[in-house]
Structure formats: structure tokens, C-alpha cells
Peer 1: 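Sending over a structure as C-alpha cells; questions will come in a sec.
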Amino acid sequence: MSTTQLSDHRESAIKTLDDAAVLFDQIANSEIKIARAKAMAEARIATIKENVASKIVMIDPDLDAKREALAEYIDEHTEEFQKPRKVKTSFGNFGLHKATKVKFINKTAALDFVVEQKMTECFKTKHKIVSEGIKDVLLAGRKVTGAKLLDGEIAHYSVKKALLADAKTID
């Protein structure tokens, strides 16, 4: 097992509360710049998506109508798609294929039924640790193998949300 030391308070470059405040301000400034950079990237991505969407429409403005017309033809002429079920062209194929899916009228009722009937192939059971429950058990003095209660203080910082929100505002 390897051990990674998270912090060592024996030799700190920060000697005073003022030093800590200056360091925090540097951290906060970096967090704000990071938020701004991420917002700018998201804006560029949104612009790219808009440009692609307009290019797609320009490629074939009637594409949806063509798809609908092809589907309508296939639906109205199913006899032409029995053997073979698909018509092949140099670009691919079109036609009919068999498909089956389950439509739930009442999913809760269906789930209750398969659980009651013990149809285990029809449902999944997922176990998930609930940290608050484990904490309550440990606080009550009971033991939980693989878990322990950590109690104490932690160092933290928080940058004002308004500053981060302002950084995300793109002019």
C-alpha cells in the first residue's frame, strides 16, 4: 500500500493571516479566470453547433420531407418489400425490417408484478451505500466493516458565487 501525504503543517510558507489572505485571493482570482475560460469555451461550442445546424439545413432543406416521402412509400407498398425485405443501392439500403419492443401502459404495475412473481430476469436490484445511514449507525456506536467515522475540522475556501457568475458572463 502506498501512502500519499496530503499536507504537512510543520513547514508552511504562510506565516501570517495576511499571507493566507493574499494566497486565498490568488486562488480565488485563478478560480474566476478558470470559470471565465470554461464559459468562453461553452460559448464557442454553442456557436459551432449553431453554425453546423445552419449548414445542415443548407445541405438539403427538403431532407425531412424526403425522409417522410420514402417512409410513406414503404408503408403503402409493403408487398414490394417482402423478399427481399430491403432494396440495396450503391449508397446503402431501404425497406422493412422486423422490430419488437415493449410498450408500458403502467410501468409501476409491471414492475410490481414481475417482482411479486419473482421473474428475476425482468428486473434489476441495485444496492447503493447511503452515507448518511452509515454515519447514523456509526454515531450510534455500532460497527460497519469497511467504514469508519472521521470527525474533526477541515480547511476550505469558497469563492463568491457572484464573482464566478460574472466571470461566466460573455460580452
Side-chain angles (χ1 to χ4, degrees), residues 1-14 17 20-21 23-53 55-56 63-64 67-68 71 74-75 78 81 85-86 92-170:
M1 176 176 17
S2 69
T3 303
T4 302
Q5 184 172 324
L6 296 177
S7 64
D8 184 346
H9 301 288
R10 293 174 292 184
E11 291 185 41
S12 177
I14 302 171
L17 186 58
L23 184 60
F24 168 71
D25 287 351
Q26 292 172 353
I27 292 169
N29 192 34
S30 294
E31 295 277 358
I32 290 165
K33 288 177 180 176
I34 290 167
R36 176 84 172 157
K38 287 180 178 180
M40 290 172 67
E42 289 298 321
R44 286 195 300 271
I45 291 168
T47 301
I48 291 167
K49 286 182 177 181
E50 287 174 16
N51 291 340
V52 168
K55 285 180 183 177
I56 289 170
L63 184 59
D64 287 337
R67 288 175 176 152
E68 192 174 311
I74 293 168
D75 289 341
T78 55
F81 300 96
R85 304 276 290 156
K86 294 182 169 112
N93 62 64
F94 63 94
L96 295 171
H97 72 269
K98 188 84 171 150
T100 305
K101 75 175 188 177
V102 175
K103 179 178 181 183
F104 291 100
I105 294 112
N106 183 334
K107 205 170 192 176
T108 303
L111 178 60
D112 290 345
F113 178 82
V114 298
V115 170
E116 180 182 300
Q117 297 297 313
K118 297 182 175 41
M119 298 173 157
T120 56
E121 73 276 16
C122 299
F123 65 90
K124 290 182 184 177
T125 302
K126 184 177 179 182
H127 296 277
K128 182 180 175 188
I129 289 286
V130 179
S131 294
E132 282 300 312
I134 298 290
K135 178 180 167 186
D136 292 343
V137 167
L138 292 171
L139 284 172
R142 295 173 54 202
K143 294 190 186 286
V144 176
T145 301
K148 69 179 181 177
L149 198 59
L150 299 178
D151 192 23
E153 296 178 335
I154 59 171
H156 76 74
Y157 71 85
S158 64
V159 180
K160 290 181 181 178
K161 288 182 182 180
L163 293 173
L164 293 172
D166 286 346
K168 293 178 183 179
T169 304
I170 298 178

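Source: prediction; values computed, not measured.
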Peer 1: With ring-ring contact (aromatic ring centres under 6.0 Å, His included) as the rule and sequence neighbours excluded, what pairs involving residues 112-150 come up?
Peer 2: none

Peer 1: I need the Glu68 CD to Leu63 CG distance, nearest 0.5 Å.
Peer 2: 11.5 Å

Peer 1: Show the nearest heavy-atom pair for residues Leu138 and Leu149, with the distance to one decimal.
Peer 2: CD1-N, 3.8 Å

Peer 1: Looking at side-chain heavy atoms only, is the closest gap between Gln117 and Val114 below 4.5 Å?
Peer 2: no

Peer 1: Between OG1 of Thr100 and NZ of Lys98, what distance do you get to the nearest 0.5 Å?
Peer 2: 5.5 Å

Peer 1: Around atom CD1 of Ile129, are there more than 12 heavy atoms of other residues, nucleotides or ligands at under 6.0 Å?
Peer 2: no

Peer 1: Between CG of Leu150 and NZ of Lys135, what distance do you get to the nearest 0.5 Å?
Peer 2: 11.5 Å

Peer 1: Using the test side chain to side chain donor-acceptor pair (under 3.5 Å), find all partners of Asp64 that sit at least two apart in sequence or belong to another chain.
Peer 2: Arg67

Peer 1: So which atom in Ile14 and which in Ala20 form the shortest heavy-atom distance, rounded to 0.1 Å?
Peer 2: CG2-N, 3.5 Å

Peer 1: Atom NZ in Lys160, atom CD1 in Ile32: separation rounded to 0.5 Å?
Peer 2: 9.5 Å

Peer 1: Quick one: which residue pairs count as a side-chain hydrogen bond (donor to acceptor under 3.5 Å, both in side chains) with a foot in residues 32-53, not counting sequence neighbours?
Peer 2: none

Peer 1: Is there any side-chain hydrogen bond (donor to acceptor under 3.5 Å, both in side chains) pair reaching into residues 141-155, and which pairs are they, with sequence neighbours excluded?
Peer 2: none

Peer 1: Hey, what do you get for NZ (Lys161) to CG (Asp166), rounding to the nearest 0.5 Å?
Peer 2: 14.0 Å

Peer 1: Tell me the closest heavy-atom pair linking Lys86 and Asn93, and the distance in Å.
Peer 2: CD-OD1, 3.3 Å

Peer 1: Which pairs, with at least one residue in residues 139-168 and sequence neighbours excluded, count as a ring-ring contact (aromatic ring centres under 6.0 Å, His included)?
Peer 2: Phe24-Tyr157

Peer 1: Name all residues meeting the side-chain contact (heavy atoms from CB on, under 4.5 Å) criterion together with Ala39; count only those two or more places apart in sequence or in a different chain, and write none if there are none.
Peer 2: Lys168, Ile170

Peer 1: What's the separation between atom CD1 in Ile74 and atom CZ in Phe94, rounded to the nearest 0.5 Å?
Peer 2: 6.0 Å

